[in-house]
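As structure tokens, the structure follows; a few thoughts come after it.
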Amino acid sequence: YFQELLTDLIDTNLVGSFTRDEDIFIKITSEGQNALSLTKSLLPGILKLKADSVFKDEISTIVEESSIITEYILNGD
């Protein structure tokens, strides 16, 4: 799985690889840095949207169950 992920990152130019003294190094590219920054800035919004959609029905049920309803009858005196 890791190899596939790494290959995809290299193919999309989000990371690059180079060889030095028979060792292979992987380094994030400037395009990868931009994608990472964008992902970090969008992630909180995406998580909030997911939480909102998950709890949408639950919130209305909680509000309904925690509300207090009273009736007031005016005495005709």
Side-chain angles (χ1 to χ4, degrees):
Y1 176 76
F2 180 76
Q3 184 64 38
E4 288 178 37
L5 179 65
L6 191 56
T7 300
D8 288 346
L9 290 172
I10 291 171
D11 289 347
T12 56
N13 198 34
L14 296 176
V15 298
S17 65
F18 63 95
T19 305
R20 183 184 302 156
D21 300 328
E22 299 180 17
D23 293 323
I24 299 174
F25 295 89
I26 306 293
K27 182 177 178 181
I28 190 167
T29 63
S30 59
E31 190 175 331
Q33 287 282 3
N34 292 339
L36 179 61
S37 295
L38 179 62
T39 301
K40 282 182 177 180
S41 67
L42 290 177
L43 195 55
I46 292 170
L47 290 176
K48 183 184 180 307
L49 180 63
K50 183 176 180 180
D52 287 347
S53 66
V54 167
F55 291 113
K56 181 180 176 183
D57 295 330
E58 296 296 323
I59 289 173
S60 61
T61 302
I62 291 169
V63 168
E64 184 178 312
E65 290 178 358
S66 64
S67 65
I68 299 172
I69 300 173
T70 63
E71 292 184 21
Y72 177 76
I73 301 174
L74 184 60
N75 196 350
D77 288 330

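Taken together through direct or relayed side-chain contacts under 4.5 Å among Ile, Leu, Val, Met, Phe, Trp and Tyr, Ile46 and Leu38 form part of one hydrophobic cluster. Ile26 is connected to Leu5 through a chain of hydrophobic side-chain contacts under 4.5 Å among Ile, Leu, Val, Met, Phe, Trp and Tyr, so both are in one cluster.
Within the structure, salt bridge (charged side-chain N to carboxylate O under 4.0 Å, His left out) pairs that include any residue of residues 28-41 do not occur (at least two apart or interchain).
Here the shortest heavy-atom pairing between Ile28 and Leu36 reads CD1-CD2, 4.4 Å.
Put simply, CD on Gln3 and OG1 on Thr7 are 4.5 Å apart, with the number rounded to the nearest 0.5 Å. Interatomic distance, CG of Leu14 versus CG of Leu6, reported as 11.0 Å (0.5 Å rounding). Remark: Thr29 OG1 to Leu9 CG distance equals 9.5 Å, nearest 0.5 Å.
The number of heavy-atom neighbours closer than 6.0 Å to CD1 of Ile24, taken from other residues, nucleotides and ligands shown, is 12 or below.
Not a single side chain to side chain donor-acceptor pair (under 3.5 Å) links Lys50 to another residue, sequence neighbours left out.
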